[in-house]
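Read through the structure below, which is laid out as structure tokens, and then see the notes.
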Amino acid sequence: MVRIYRHESLLGFFKGMSFPVASIAVVNSVLFGVYSNALLLLTATSHQERRAQPPSYMHIFLAGCTGGFLQAYFLAPFDLIKVRLQNQTEPRAQPGSPRPRYQGPMHCAASIFQEEGPRGLFRGAWALTLRDTPTLGIYFITYEGLCHQYTPEGQNPSSATVLVAGGFAGIASWVTATPLDVIKSRMQMDGLRGKVYRGVLDCMVSSVRQEGVGVFLRGLTINSARAFPVNAVTFLSYEYLLRWWG
């Protein structure tokens, strides 16, 4: 944090923010929409009926995995651009200093398309899919399990329960996701240096050889610290919206 501030000022902490802000509504609508409808197909019970007839954890896991799998393909181009912009260091503007490689998210997207082709926008998509498919199954199981544990039978969980369950679901998902998140990010940056990794497995093996097994836990602390408040609010919004419109 200190190095980013010294090198790039406060603006360095908001690098790559515009595309996640623009895409978060679409990505979350796909994830939660697919999850809810997959669970409806698997259990034949509506959201309100599930409090009286809780679905099995297997059904929750399968519905979450389905949502994670489909979400990954909507997320991939946005995530790639975010990672490229975040990894681009830009010193504080000074007269005569060279311009950064990417001038913004749209310029980044156009540059990737021109230099790496349409497939370049989906670089790292397989790693992202492998990250999100099981992770989001665990994410929803943790949330539903904690809500069920601390909510009287047949009632809706309280706001406090939803916030805590959502926060811990976020942490549980990132504990699972971080190893493949490291690999995903490395493959997304691969295009800047020419093709270095031949695939997900090659990236994993190369990373372990060069930096040891601990490389898979890079970023876990900050991911977990971010995950609790973000997912607590996400699930609270999800529950209230379903109650209002259900």
Side-chain angles (χ1 to χ4, degrees), residues 1-31 71-72 74-116 118 120-125 127-128 131-132 135 166-167 170-171 173-175 177-194 196-197 203 207 211 215-234 236-237:
M1 290 174 69
V2 171
R3 290 184 65 174
I4 290 171
Y5 176 74
R6 286 177 177 170
H7 193 59
E8 304 176 69
S9 77
L10 282 173
L11 293 176
F13 293 104
F14 296 92
K15 192 176 293 180
M17 186 182 74
S18 57
F19 256 39
V21 169
S23 65
I24 191 68
V26 174
V27 171
N28 274 344
S29 68
V30 170
L31 171 61
Q71 174 206 247
F74 284 87
L75 179 61
F78 297 106
D79 192 64
L80 171 68
I81 291 162
K82 179 200 73 171
V83 168
R84 291 281 180 94
L85 290 172
Q86 288 177 336
N87 278 275
Q88 176 176 262
T89 56
E90 301 169 37
R92 299 173 194 235
Q94 295 177 354
S97 59
R99 298 180 71 186
R101 180 186 182 103
Y102 301 125
Q103 306 301 311
M106 296 307 296
H107 180 255
C108 180
S111 298
I112 293 171
F113 186 85
Q114 289 172 0
E115 296 166 10
E116 304 173 45
L121 290 169
F122 289 87
R123 187 180 294 276
L128 184 63
R131 183 196 77 176
D132 283 358
T135 293
I171 292 175
S173 68
W174 273 109
V175 168
T178 295
L180 274 164
D181 188 62
V182 172
I183 299 305
K184 182 265 308 177
S185 297
R186 292 184 174 210
M187 294 187 71
Q188 288 173 328
M189 292 301 296
D190 209 17
L192 292 178
R193 302 184 299 269
V196 176
Y197 302 120
C203 182
S207 297
E211 301 167 68
V215 70
F216 292 125
L217 299 180
R218 289 252 180 104
L220 176 58
T221 303
I222 195 68
N223 281 338
S224 298
R226 178 190 68 176
F228 192 96
V230 168
N231 290 284
V233 172
T234 297
L236 187 65
S237 304

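- In this structure, CZ on Arg186 lies 5.5 Å from CZ on Arg218, to the nearest 0.5 angstrom.
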Identify every side-chain donor-acceptor pair in residues 75-82 under 3.5 Å, counting partners at least two apart or on other chains, and give the distances.
residue	atom	partner	partner atom	Å
Asp79	OD1	Lys82	NZ	3.3
Asp79	OD2	Lys184	NZ	2.6
Asp79	OD2	Gln188	NE2	3.0

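- Taking CG of Leu128 as the start and CZ of Arg123 as the end, the distance is 14.5 Å to the nearest 0.5 Å.
- Scanning both residues, Ala127 and Met187, for their nearest heavy atoms gives CB-SD, 4.3 Å.
- Under the 3.5 Å distance criterion, the side-chain polar atoms of Thr178 are left unmatched by any main-chain donor or acceptor of Val175.
- Residues Ser207 and Ile183 come closest through the heavy atom pair OG-CD1, 4.1 Å.
- Scanning both residues, Tyr197 and Asp190, for their nearest heavy atoms gives N-OD2, 3.0 Å.
- In the displayed structure, Phe216 atom CZ is contacted under 6.0 Å by more than 12 heavy atoms of other residues, nucleotides or ligands.
- Under the ring-ring contact (aromatic ring centres under 6.0 Å, His included) criterion, Phe228 pairs with Phe168, sequence neighbours left out.
- With a 6.0 Å radius and a threshold of 12 heavy atoms from other residues, nucleotides or ligands, Phe13 has its CZ atom above the threshold.
- Using a 4.5 Å heavy-atom threshold, the side chains of Val182 and Glu211 count as separate.
- The CD atom of Gln86 sits 10.0 Å away from the CE atom of Met189 when rounded to the nearest 0.5 Å.
- Leu11 contributes atom CG, which lies 12.5 Å from atom CD1 of Ile4 (distance to the nearest 0.5 angstrom).
- Listed by first and then second residue, the salt bridge (Lys or Arg N to Asp or Glu O under 4.0 Å) pairs involving residues 102-112 amount to none (not counting sequence neighbours).
- Considering only heavy atoms from C-beta on, Trp174 comes within 4.5 Å of Asp181 through its side chain.
- Residue Asp132 comes nearest to Gln71 through the heavy atom pair OD2-NE2, 2.9 Å, listed as atom of the first residue, atom of the second, then distance.
- A salt bridge between Arg84 and Glu116 is present, with a side-chain N of the basic residue lying under 4.0 Å from a carboxylate O of the acidic one.
- For Ile222, the CD1 atom counts as loosely surrounded, since its 6.0 Å shell holds 12 or fewer non-hydrogen atoms of other residues, nucleotides or ligands.
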